[in-house]
Amino acid sequence: MKAYPAKIFFILVILPVVLFAQANGKDFGLSLNLNYTTTSQLYLQPNSPDPVIRNTSQSLDKISSYSAELRYQYSESILFGISSEYIKKTFGNTMNLGGTAAKVTDGYKVIPVELSIYYQLPFSTELFKFFMGGGMGFYLGEQIREVGDVTVSNSSRKIGYGIQVSVGMDYLVNSFIAIRGQMRFREPDFEMRSTYSNKIVNYEGRTFLLPAQSFDSKVIIDGITFTIGAVLNFGL
């Protein structure tokens with residue numbers, strides 16, 4: 001009797017996977033992608049007691065990034081995916097240093113890791129595979145700031161997380177190669193605390209004392225992400 005649960009698990013779960021993999025022969029798909037995200041928001045003082053300053057953000061739009069995703073075809077219509085992306089966006093800003101408006105490069109870097117389940121839609125054809133899916137995303141961010149000869153590093157950060165959904169289509173060039181188009185909706189929200197590399201900054205031949213050694217910031221990526229990529233389909 002003790003062997004029955006294992007046998008049932010094998011019949012209901014493992015056997016269909018093995019049979020499908022043997023029939024298809026290409027149960028994995030690895031894609032390399034170019035992404036375009038429409039909008040994001042950078043909050044430079046998210047913990048200010050002043051509600052106006054606290055809710056003031058800098059819009060950072062038209063973000064290009066690169067990503068990779070590995071998908072596993074569990075059954076004829078269900079796929080599991082794991083993806084990672086590298087996003088970086090900066091802009092020119094100013095900072096008050098002893099009455100001098102110093103030029104600053106501000107921005108952020110973030111690495112999303114997203115786990116997804118996809119459903120292959122029933123109207124797909126031999127050449128066009130339509131899908132929709134969703135899942136969880138985890139987001140690790142880092143503040144970018146350069147002023148004079150001083151940069152920043154993260155002293156602490158919270159891992160952001162949230163749900164994400166997507167729709168898309170694969171066009172099968174042949175049995176190994178496909179072209180993917182995809183649209184993803186997500187809204188990660190994560191906070192960071194950054195520390196300056198030095199308390200003293202050299203700017204245009206003068207030295208200034210920075211107003212604070214560390215500061216907080218927050219990022220929300222609230223835009224739609226459009227993706228185009230090349231997929232290599234293979235089996236093990």
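Since the model is a prediction, treat every value here as computed from it, not as a measurement. All values below were derived from every heavy atom in this structure, side-chain atoms included, with hydrogens, water molecules and symmetry-related copies excluded. We're numbering straight along the sequence, starting at 1.
- Taking the centre of each ring, Phe130 and Phe123 come in below the 6.0 Å mark.
- Counting non-hydrogen atoms of other residues, nucleotides and ligands closer than 6.0 Å to CZ of Phe128 gives a total above 12.
- Considering Arg186, Glu187, Arg184 in turn, Arg184 is the only one that fulfils the side-chain hydrogen bond (donor to acceptor under 3.5 Å, both in side chains) rule with Gln164.
- Residue-environment remark: CD1 (Ile163) stays at or below the threshold of 12 foreign heavy atoms within 6.0 Å.
- Between Tyr196 and Phe215, the ring centre distance stays below 6.0 Å.
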ring-ring contact (aromatic ring centres under 6.0 Å, His included) evaluation trace for Tyr139 with Phe190: CA-CA 7 Å; Tyr139 307 90; Phe190 53 92; 7.0 Å; no

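- Under a hydrophobic-cluster definition in which Ile, Leu, Val, Met, Phe, Trp and Tyr are linked whenever side-chain heavy atoms come within less than 4.5 Å, directly or via other members, Leu42 and Ile159 are assigned to different clusters.
- Crowding of Ile117 atom CD1: a count of heavy atoms from other residues, nucleotides or ligands under 6.0 Å not exceeding 12.
- Atom CG of residue Asp106 and atom OH of residue Tyr108 lie 12.5 Å apart, to the nearest 0.5 angstrom.
- More than 12 heavy atoms of other residues, nucleotides or ligands shown are found within 6.0 angstrom of CZ on Arg54.
- Expressed to the nearest 0.5 Å, how far CG of Asp61 lies from OG1 of Thr38 amounts to 7.5 Å.
- The CE atom of Met192 lies 13.0 Å from the OG atom of Ser153; values are rounded to the nearest 0.5 Å.
- For the pair Leu97 and Ala102, the tightest heavy-atom approach, listed with the atom from each and the gap, is CD1-CB, 3.5 Å.
- Just one of Lys129, Gln182, Arg180 meets the side-chain hydrogen bond (donor to acceptor under 3.5 Å, both in side chains) condition when paired with Asp170; it is Arg180.
- Cluster membership check: Phe208 shares its hydrophobic cluster with Val147, using side-chain heavy-atom separations under 4.5 Å among Ile, Leu, Val, Met, Phe, Trp and Tyr.
- Leu115 contributes atom CG, which lies 5.0 Å from atom CD1 of Ile82 (distance to the nearest 0.5 angstrom).
- For the residue pair Thr39 and Asp222, a side-chain donor N or O sits within less than 3.5 Å of a side-chain acceptor on the partner.
- Residues meeting the ring pair (Phe, Tyr, Trp, His ring centres under 6.0 Å) test with Phe28, sequence neighbours left out: Tyr72, Phe234.
- Residues Ile200 and Leu209 form a side-chain contact, since some pair of their non-hydrogen atoms from C-beta on lies under 4.5 Å apart.
- Of the inter-residue distances, the one linking Ile224 atom CD1 with Ser166 atom OG reads 12.5 Å to the nearest 0.5 angstrom.
- A donor-acceptor pair shorter than 3.5 Å can be found between the side chains of Gln143 and Ser217.
- In the hydrophobic cluster analysis, where Ile, Leu, Val, Met, Phe, Trp and Tyr join through side-chain heavy atoms closer than 4.5 angstrom, Phe91 is grouped apart from Val152.
- Thr227 places no side-chain N or O within donor-acceptor distance of the main-chain N or O of Asn35, the cut-off being under 3.5 Å.
- Under 3.5 Å, the side chains of Glu146 and Thr151 contain no donor-acceptor pair of N or O atoms.
- The closest side-chain donor-acceptor pair between Thr195 and Ser214, if any, does not fall under 3.5 angstrom.
- When all heavy atoms of Ser175 and Asn233 are compared, the pair lying nearest together is O-CB, 3.9 Å.
- Here the straight-line distance linking atom CG of Asn55 with atom CD1 of Ile53 works out to 10.5 Å at 0.5 Å rounding.
- Taking 4.5 Å as the limit, some side-chain heavy atom of Tyr203 sits within range of a side-chain heavy atom of Lys103.
- Contact check for Leu44 versus Arg145: side-chain heavy atoms found under the 4.5 Å cut-off.
- Less than 6.0 angstrom separates the ring centroid of Phe131 from the ring centroid of Tyr118.
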Side chain to side chain donor-acceptor pair (under 3.5 Å) evaluation trace for Gln41 with Ser59: CA-CA 5 Å; Gln41 306 295 324; Ser59 294; 3.1 Å; yes

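- Ser31 contributes no side-chain N or O that, together with a main-chain N or O of Ala230, makes up a donor-acceptor pair within less than 3.5 Å.
- Without hydrogens or angle criteria, Lys218 side chain to Asp189 main chain gives no donor-acceptor distance under 3.5 Å.
- Formation of a donor-acceptor pair under 3.5 Å by the Ser116 side chain with backbone atoms of Gly133 is not found in this model.
- A side-chain donor from one of Thr225 and Thr37 sits under 3.5 Å from a side-chain acceptor of the other.
- Criterion: ILVMFWY side-chain heavy atoms under 4.5 Å apart, direct or through other members. Under it, Val219 and Tyr86 are not part of a common hydrophobic cluster.
- Side-chain atoms of Asn154 never come within 3.5 Å of backbone atoms of Ser194 as a donor-acceptor pair (strictly under, hydrogens ignored).
- Checked for salt-bridge contact, Glu204 and Arg206 miss the test: no charged N lies under 4.0 Å from a carboxylate O.
- The hydrophobic cluster containing Val201 also contains Val104, counting ILVMFWY residues as joined when their side-chain heavy atoms lie under 4.5 angstrom apart, directly or transitively.
- Ile220 has its side chain within reach of Tyr43: a pair of non-hydrogen atoms, C-beta onward, lies under 4.5 Å apart.
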Chi angles and distances behind the side chain to side chain contact (heavy atoms under 4.5 Å, CB included) call for Val110, Leu140: CA-CA 6 Å; Val110 58; Leu140 189 62; 5.9 Å; no

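- For the residue pair Ser84 and Ile111, the shortest heavy atom distance occurs at OG-CG2, 3.7 Å.
- Annotation: side chain of Ile144 is in contact with side chain of Lys88 (closest heavy-atom distance under 4.5 Å).
- For CG of Leu30, the number of neighbouring non-hydrogen atoms (other residues, nucleotides, ligands) closer than 6.0 Å is greater than 12.
- Across Asn96 and Gly99, no two heavy atoms sit closer than the pair OD1-N, 2.9 Å.
- Other residues, nucleotides and ligands contribute at most 12 non-hydrogen atoms within 6.0 Å of the CD1 atom of Ile228.
- Looking at every heavy atom in both residues, Leu60 comes nearest to Ile63 through O-CD1, 3.4 Å.
- For Tyr36, the OH atom sits in a packed shell: over 12 heavy atoms of surrounding residues, nucleotides or ligands are nearer than 6.0 Å.
- By the 4.5 Å heavy-atom criterion applied to side chains, Ile177 and Leu232 are counted as neighbours.
- With hydrogens and angles ignored, the 3.5 Å screen pairs no side-chain donor or acceptor of Ser77 with any backbone N or O of Tyr119.
- Shortest non-hydrogen contact noted between Gly137 and Glu114 is CA-CG, 3.8 Å.
- Residues Leu121 and Met132 are in side-chain contact: their nearest non-hydrogen atoms beyond the backbone lie under 4.5 Å apart.
- Inter-residue side-chain proximity for Tyr66 and Asn33 is flagged as unmet; no heavy-atom pair is nearer than 4.5 Å.
- With a 6.0 Å radius and a threshold of 12 heavy atoms from other residues, nucleotides or ligands, Met136 has its CE atom above the threshold.
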